[in-house]
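All ligand and atom numbering here is 1-based and tracks the order in the structure.
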Amino acid sequence: MTVFSARRDKLRKLLKQNSLAALLVTDERNVTYLTGFTGDSSYLLVTLAKKSPDLLLTDGRYTEQLGDECPDLPIAVRKTGVAMAPFTAEHVAAHKLTSLGIESDALSISTFEKLRTALDSTQLALTESLVESLREIKDKGEIEEIRGAIRIAEQAFGVIRHALRPGRSEKEIADELEYQIRLFGGTCGAFPSIIGVGPRAALPHGRPIAESKIGDYDFVLIDWGARGRLYHSDLTRVLTTGKLLPKLEKVYRVVLAAQKAAIAAIRPGAIMHDVDAAARSVIARAGFGPAFSHSLGHGIGLAVHEQPRLAPEQKRPLAAGMVVTVEPGIYLPGWGGVRIEDDVLVTRDGHEVLTSVPKELEECVV
Ligand code: ZN
Ligand code: ZN
């Protein structure tokens with residue numbers, strides 16, 4: 001049994017619990033998670049029936065890659081000119097499935113309509129987050145891949161930090177980070193880096209621009225991550241090339257204290273909103289409550305943003321094996337923003353901070 005077939009067996013248990021005979025997995029990352037296949041435009045049919053094995057519906061571009069990545073998985077190759085919906089319907093009929101779960105988060109309305117038309121004698125059940133809930137808990141191999149993605153991101157940041165000079169633009173830093181990530185063995189950046197100088201650091205998801213340069217203002221916020229082979233990392237640090245000004249120092253201390261309080265609250269069984277509240281209350285007590293305008297963190301894995309979410313409305317408990325970001329921030333329009341983000345593994349008896357870029361106040365000054 002491979003790690004992938006074991007995951008499909010876990011999914012089968014979920015299907016049973018949800019009274020589903022089968023699930024059509026259309027989300028690319030879910031397909032990868034369940035098969036190891038890294039191509040796209042392919043659906044995976046997972047069924048409860050013992051005699052009819054799981055089947056990957058794919059096309060001719062991928063037959064060779066499939067032989068390498070998942071040699072044991074039965075595949076059906078769609079011929080050019082045959083559309084995916086009728087092709088899917090054909091195999092659903094061959095499996096004698098009268099009902100089929102559909103991933104409602106992963107289909108456009110038009111694709112869904114095509115499937116519904118092609119599968120007119122099959123009852124479709126909309127499902128939510130079945131595979132995603134399995135993906136929340138990382139196994140050893142996945143944790144190693146995330147550690148690798150973190151290592152790459154940190155090495156790339158080391159180069160950037162060293163070369164940070166007044167006059168360099170946000171865009172130059174973003175481009176250089178992407179290049180360094182690839183040099184250190186990453187596939188690419190986990191997402192387009194967010195580089196915000198001064199007031200532009202108040203945009204939690206600002207796009208780096210060439211006109212905005214280090215030294216124009218006191219500090220720069222850098223939010224970056226790497227994609228290793230398939231898994232992601234996600235970090236944020238604030239740096240200054242000048243003197244540490246009192247306002248930055250004040251805001252930074254509050255954010256750092258909030259982040260440490262949240263990390264300290266992470267352990268199996270801790271309720272997600274309580275971890276969020278641990279940070280939020282520190283920021284509110286310091287008088288910056290409304291300036292922390294997003295949730296505390298998110299899961300990372302095959303996607304850079306995935307479940308679970310550390311947010312005020314999340315009532316579920318954390319569990320060992322989850323990997324989450326912890327990223328409180330304070331954003332003051334016209335002045336700028338401070339966010340500090342690390343990646344944290346929930347362990348059996350607490351947590352492990354996987355990221356190691358220094359974050360104490362004096363480390364901000366380059
Ligand atoms: Zn980030
Ligand atoms: Zn993040």
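Minimum-distance N/O/S atom of Glu341 relative to the Zn ion (ligand 2): OE2. For Asp234, the N/O/S atom at the shortest distance from the Zn ion (ligand 2) is named OD2.
For Asp223, every N, O or S atom stays at 2.8 Å or more from the Zn ion (ligand 2). When distances to the Zn ion (ligand 2) are checked against a cut-off of 2.8 Å, His305 contributes no N, O or S atom below that limit. Glu327 lies apart from the Zn ion (ligand 1) in this respect, since none of its N, O or S atoms is found at a distance under 2.8 Å.
For the pair Arg237 and Phe157, the NZ or CZ position fails the cation-pi test of under 6.0 Å to the six-membered ring centre and within 45 degrees of the ring normal. Judged by the 6.0 Å distance and 45° axis criteria, Arg7 is positioned over the aromatic ring of Tyr33.
The aromatic ring centroids of Tyr62 and Phe37 lie less than 6.0 Å from each other. Here His232 and Phe191 keep their ring centres 6.0 angstrom or further from each other.
In this structure, the side chain of His273 does not engage the main chain of Glu313 through any donor-acceptor pair within 3.5 Å.
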